[in-house]
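All chains are named by letter (A, B, ...) in the order of the sequence lines, taking the proteins before the strands, and each is independently numbered beginning at 1.
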There are 2 protein chains.
Amino acid sequence: METPAAAALPKYYVLKEQILTLIEDAAPGTLIPTERALAEQYGTSRTTVRQAIGELVSEGRLDRTQGRGTYVAPPKVTHVRQLTSFTDDAASQGLTAAARIVDVSVLPADPATARRLAVEPGTEIHRVERIRLVDGEPLAHEVAFLAGPLPDLARTVAERGSLYAALREDYEIRISEVEDTVETKLAGPAEVQLLDVEMGAPMLLVHRLGFTPDGQPVEWTESVFRGDRFRFVARMHV
Amino acid sequence: METPAAAALPKYYVLKEQILTLIEDAAPGTLIPTERALAEQYGTSRTTVRQAIGELVSEGRLDRTQGRGTYVAPPKVTHVRQLTSFTDDAASQGLTAAARIVDVSVLPADPATARRLAVEPGTEIHRVERIRLVDGEPLAHEVAFLAGPLPDLARTVAERGSLYAALREDYEIRISEVEDTVETKLAGPAEVQLLDVEMGAPMLLVHRLGFTPDGQPVEWTESVFRGDRFRFVARMHV
DNA sequence: CACGAAAATTGGTCTAGGCCAAAATGATGG
DNA sequence: CCATCATTTTGGCCTAGACCAATTTTCGTG
């Protein structure tokens with residue numbers, strides 16, 4: 001006989017906790033039983049099994065691929081300190097961070113971006129779209145908008161491997177203050193394609209406005225991070 | 001005839017976007033058609049409708065209550081700057097922030113908390129559990145652990161209405177540096193009960209370690225914020 | 001008119017199963 | 001021994017409908 005409280009919990013949630021106990025001591029990569037097997041084993045429907053597994057995938061505890069199966073995910077170690085440069089910072093944790101450049105272009109500022117960068121709408125600004133990788137895995141999709149003349153930006157970013165390094169070394173632009181906003185977002189088709197996550201997976205949506213020492217905004221960035229692999233760290237004076 | 005790309009999208013996602021266009025100009029509180037009506041109207045099953053609506057609820061675009069219906073949610077205005085005090089800060093945006101104290105107690109530090117606060121395990125520390133409210137709505141569940149002698153903490157926190165104010169005014173403890181980590185988490189039974197969210201809704205899990213000017217850690221806080229109502233803002237020097 | 005009980009409405013959970021697509025597996029021919 | 005193709009396995013998406021619980025609405029009664 002169950003306690004009333006336990007009985008009031010949704011069945012999929014009870015199953016989710018049971019699967020958790022199944023995998024808590026398992027090595028990453030270990031296959032768990034198939035959805036059909038779990039449904040039979042726990043006397044439930046496959047729909048309910050999928051709901052339980054779906055949440056564990058969202059939380060980064062399981063990974064699954066069609067045709068292969070569902071297996072224990074590696075732990076959420078990607079602990080990136082978002083202070084200055086993503087690249088510099090990851091190295092200090094023994095992680096190999098990289099960025100794959102998707103697009104570097106110049107375009108006229110739309111009204112919203114122009115307002116954020118404190119330029120006239122229509123002013124030519126730079127757009128840098130990248131995929132951030134940690135240990136080879138895609139972790140974030142990032143689109144940065146930059147004000148000011150930045151000749152040959154595509155080349156310098158590619159060479160430096162880091163946008164902040166290029167700004168500092170090649171253009172003598174130092175970003176000394178940033179304002180980050182963090183909120184949740186669910187993965188849509190774009191994130192599914194670019195970041196190898198499932199539809200509807202929780203993501204961290206981060207907006208950053210970067211200022212030079214004289215208070216001029218020069219960088220406006222929108223980033224979408226995988227919620228199942230990423231932990232955002234900010235240390236600051238109050 | 002549809003484009004192949006559009007046809008490849010899951011049906012529930014297409015429906016989700018259609019519902020979005022339905023509600024984008026609607027006032028908060030406006031009821032949308034019932035799930036059964038939408039299923040018939042769009043020639044789909046109720047399961048698919050529920051998946052589409054479920055994501056919109058997770059994103060804070062819709063609210064729903066059993067027996068009542070599904071309606072347009074108020075916008076995600078709760079823009080809380082997490083710099084110093086939640087209380088002080090919300091006021092600057094014209095929001096009425098409050099905290100409902102659930103529990104204030106003294107207990108011996110467990111090993112993990114002791115390590116974070118740099119005290120010996122077993123040392124008596126304070127525990128302050130609160131529900132943060134903005135404009136009357138529960139927004140976050142927060143458990144703070146504090147080191148040091150803090151006589152009559154329950155009373156002072158209740159009187160000041162703000163933990164940080166009590167520390168500053170009554171105990172002359174100033175927190176001058178904080179380290180926040182932010183990650184995603186899915187709502188479980190605790191959050192459903194305390195914060196009035198749905199099971200599995202995306203939440204922001206925030207850990208904060210607060211230091212005094214001489215570098216002593218004195219505050220360790222774990223907070224769970226509603227992902228559909230909250231936006232975390234951090235402005236910092238680099 | 002006010003109140004409370006009954007009925008209808010609406011979201012909440014779950015089942016059983018079908019069809020598809022990707023990956024792994026195994027058979028087959030060079 | 002290896003490459004190629006068909007088969008099987010596994011997750012991905014969807015349907016149709018049952019039953020429950022919370023809420024609202026309706027309606028009868030005092």
Below 4.0 Å: OP1/OP2 of D:dC14 and any side-chain N or O of B:T44: no
B:R64 vs C:dG12: side-chain N/O to OP1/OP2 distance below 4.0 Å: yes
Nearest-Å distance for atom pair OH/P, residues B:Y42 and D:dC14: 16 Å
Salt bridge A:R132-A:E142, side-chain N to carboxylate O under 4.0 Å: yes
A:R50 CZ - C:dC14 C1' separation (whole Å): 16 Å
Length of the line joining B:L62:CG and C:dG11:P, which is rounded to integer Å: 11 Å
Spacing of B:D196 atom CG relative to C:dG12 atom P, expressed in whole Å: 12 Å
Pairwise side-chain contact, B:M199 with A:Y12, heavy-atom cut-off 4.5 Å (strictly under): yes
Upstream residue (5' side of DNA chain D) when A:T65 and A:T47 are each assigned their closest nucleotide: A:T65
Six-ring centre of B:Y71, B:R68 cation under 6.0 angstrom, axis tolerance 45°: yes
From CA spacing to verdict: side chain to side chain donor-acceptor pair (under 3.5 Å), A:E55, A:Y13: CA-CA 9 Å; A:E55 290 206 355; A:Y13 191 80; over 6 Å; no
Rounded distance in Å - CD (B:Q66) to P (D:dA22): 6 Å
Separation of atom CE in B:M199 from atom P in C:dG12, rounded to whole Å: 13 Å
Spacing between B:Y71 atom OH and C:dG11 atom C1', to the nearest angstrom: 11 Å
Phosphate OP1/OP2 of C:dG11: any B:T70 side-chain N/O under 4.0 Å: yes
Stretch residues 19-40 of chain A: residues that reach within less than 4.0 Å of DNA chain D through a heavy atom: A:T34, A:E35, A:R36
Rounded distance in Å - OH (B:Y12) to P (D:dC14): 8 Å
B:K11 vs D:dG12: side-chain N/O to OP1/OP2 distance below 4.0 Å: no
A:L133 and A:L139, any side-chain heavy atoms less than 4.5 Å apart: no
Salt-bridge criterion met for A:K185 and A:E183 (N-O under 4.0 Å): no
Nearest-nucleotide comparison on DNA chain C, the residue closer to the 5′ end among A:G43 and B:R68: B:R68
Among C:dT15, C:dT13, D:dG12, the nucleotide that comes nearest once only the side chain of A:R46 is considered: D:dG12
Given B:L20, B:I19, B:V72, the one that forms side chain to side chain contact (heavy atoms under 4.5 Å, CB included) with B:R61: B:L20
